[in-house]
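What follows is one structure encoded as structure tokens, with my remarks underneath.
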Amino acid sequence: MTEQPLEPPAVVRSLYAELVVTDLDRARWFWVDLLGLVVEHEGEGRLFLRGYDELTHHNLVLREGPEPAADRLAFRVASPVDLERAERFFSARGCRTRRVPAGRVPGLGDAVRVQDPLGFVVEFVHQVQTVERLHQRYDLRRGAEISRLDHFNIVVPDVPRAFAHYDSLGFRCSETIEDDDHLYAAWMYRKQTVHDIAFTSGAGPRLHHIGFFTHEAAQVLRICDVLGSLHQEHHIERGPGRHGVSNAFYVYLRDPDGHRLELYTSDYYTGDPDHPVLRWNVQDPRRRDFWGNAVIESWYREATAVRGLDGQIQPAVEAKLDESAARVGADGLGTRPAQE
Ligand code: 4SX
Ligand code: FE2
């Protein structure tokens with residue numbers, strides 16, 4: 001069989017992100033001591049962290065640096081050949097690509113890094129070190145008892161463009177926020193859940209949040225109680241609540257550098273070949289919080305700057321569309337969708 005030159009790499013799932021933090025000890029206190037991620041490896045000013053269910057080396061790398069930023073987002077691909085597919089696919093789109101030899105990032109085999117058409121550094125990796133099973137080490141669990149990485153949410157100035165890019169990479173769409181004229185947000189997946197990546201409309205490229213999976217809503221509530229007990233409640237930004245989109249139970253936290261994470265549980269299976277898209281109207285007050293609670297403005301406006309392949313912070317381009325301004329009343333405070 002002759003291979004199509006632009007066949008995309010077969011992405012398995014979102015795997016890990018690397019964040020730059022300004023104080024690694026403070027970041028360890030937050031991500032390890034409080035939230036309860038597992039330290040798989042550390043050294044050279046970096047921490048390699050994972051959830052309790054993960055059998056892969058890491059879901060999050062924290063690196064100390066001069067200013068908070070997202071260094072890259074990484075996806076796992078199905079085979080070594082997919083690394084070559086990634087190089088060809090992105091080169092053909094005029095994107096810079098770079099090979100990262102095995103071992104350069106602890107726990108990883110050969111990888112390909114690209115600066116994608118949206119301005120994000122994205123890494124594709126196949127071989128990942130398998131680590132000790134900890135899913136039944138209940139005795140070790142702390143904090144939010146995070147199981148695994150679930151998704152990335154990125155801020156982009158042009159959501160339809162981001163949608164088209166990930167569509168061409170072979171991602172499928174589970175849910176959208178839209179109206180007759182515009183696409184405001186979309187959730188796309190490779191693994192068989194609601195998403196591996198989602199797009200928020202805003203000045204970008206920026207990283208909106210990293211979503212981590214917990215098994216139970218109780219774990220989402222427990223971390224909020226722990227934060228309150230420690231008078232660290234200012235780390236809670238939005239929620240806890242029930243999303244309309246995805247049906248997940250959630251809370252958003254901000255780390256000491258302002259990086260946003262979401263604790264997320266109980267979304268649903270999307271793996272059937274004819275899985276239909278669920279479309280939310282932007283006027284539906286339940287779309288982002290099923291109970292109709294207003295979304296705090298900082299959630300729409302604030303996000304993490306991203307670095308380019310050259311390590312420089314990427315300038316953000318203003319958005320064409322503002323979801324929070326598109327809503328009737330623009331506040332979600334008791335507004336109701338038009339009667340049918
Ligand atoms: O706010 S939304 O209900 O649209 C939403 C946001 C749903 C799922 C997510 O993971 C998310 O970050
Ligand atoms: Fe999310």
Side-chain angles (χ1 to χ4, degrees), residues 13-14 16-17 19 35 51 59-60 70 73 144 146-156 159 162-163 166 171-179 182-202 204 206-214 217 219-220 223 236-255 259-270 277-304 321-324 326-327 331-332 337:
R13 62 160 173 146
S14 45
Y16 82 93
L19 297 179
L35 291 188
N59 297 136
L60 180 65
L73 307 176
I146 291 169
S147 311
R148 58 175 172 80
L149 182 98
D150 189 82
H151 61 268
F152 306 126
N153 187 305
I154 58 175
V155 188
V156 293
V159 171
F163 185 99
Y166 274 93
F171 284 61
R172 294 172 61 197
C173 180
S174 56
E175 304 201 23
T176 66
I177 294 175
E178 57 184 54
D179 60 20
H182 303 291
L183 178 65
Y184 293 90
W187 284 256
M188 300 184 83
Y189 61 98
R190 287 290 305 179
K191 70 176 169 348
Q192 301 182 342
T193 66
V194 170
H195 59 320
D196 287 287
I197 191 142
F199 318 120
T200 301
S201 183
R206 290 184 299 162
L207 174 66
H208 191 274
H209 65 267
I210 307 174
F212 290 95
F213 197 85
T214 65
Q219 292 157 327
V220 176
I223 192 65
I236 304 172
E237 183 187 35
R238 176 183 161 203
R242 171 79 62 191
H243 282 310
V245 171
S246 81
N247 193 44
F249 194 81
Y250 73 92
V251 69
Y252 295 92
L253 308 178
R254 304 290 291 271
D255 90 344
H259 298 308
R260 182 183 292 107
L261 72 128
E262 179 181 20
L263 299 169
Y264 175 98
T265 186
S266 84
D267 64 346
Y268 56 87
Y269 169 75
T270 55
V277 178
L278 175 49
R279 300 177 189 282
W280 292 81
N281 188 282
V282 73
Q283 303 297 345
D284 191 332
R286 302 168 305 169
R287 74 202 184 290
R288 286 197 178 274
D289 184 285
F290 198 56
W291 308 330
N293 284 319
V295 176
I296 190 170
E297 201 56 21
S298 63
W299 190 91
Y300 280 114
R301 302 273 169 255
E302 296 172 13
T304 292
L321 209 57
D322 183 350
E323 181 192 319
S324 61
R327 287 172 288 144
D331 56 14

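As the structure lists them, so they are numbered: ligands from 1, and atoms in each ligand from 1.
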(message) Strictly distance-based, threshold 3.5 Å: is any side-chain N or O of Asp196 a donor or acceptor partner for the main-chain N or O of Lys191?
(response) yes
(message) Checking a contact table here: which protein heavy atom is nearest atom 7 (C) of ligand 1, and how many Å away?
(response) Val245 O, 3.2 Å
(request) Assert yes or no for the condition that the ring centre distance of Tyr250 to His209 is strictly below 6.0 Å. (result) no
(request) Check whether any side-chain heavy atom of Leu19 sits under 4.5 Å from a side-chain heavy atom of Leu207, and report yes or no. (result) yes
(request) Give the residue and atom name of whichever protein heavy atom lies nearest to atom 12 (O) of ligand 1, and the separation in Å to one decimal. (result) Tyr252 OH, 2.6 Å
(message) Suppose we only count N/O/S atoms under 2.8 Å; would His243 qualify as near the Fe ion (ligand 2)?
(response) no
(message) Report the atom name of the nearest N/O/S atom of Glu262 relative to the Fe ion (ligand 2).
(response) OE1
(message) For Glu175, which part has a heavy atom under 4.0 Å from ligand 1: side chain, backbone, both, or neither?
(response) neither
(request) Among all protein heavy atoms, pick out the one at the shortest distance from atom 2 (S) of ligand 1; state its residue, atom name and that distance to 0.1 Å. (result) His243 ND1, 3.3 Å
(message) Students should be able to answer this: which protein heavy-atom is nearest to atom 4 (O) of ligand 1, and at what distance?
(response) Arg288 NH1, 3.0 Å
(message) Suppose we only count N/O/S atoms under 2.8 Å; would His208 qualify as near the Fe ion (ligand 2)?
(response) no
(request) For ligand 1, find out whether one of its N or O atoms is nearer than 3.5 Å to an N or O atom of Asp289. (result) no
(message) Checking one value in my table: which N/O/S atom of His151 lies closest to the Fe ion (ligand 2)?
(response) NE2
(request) Give the atoms of ligand 1, by number and element, whose distance to some non-hydrogen atom of His195 is under 4.0 Å. (result) 9 (C), 10 (O)
(request) Using a strict 4.0 Å cut-off to heavy atoms of Glu262, name the atoms of ligand 1 that fall inside it. (result) 9 (C), 10 (O), 11 (C), 12 (O)
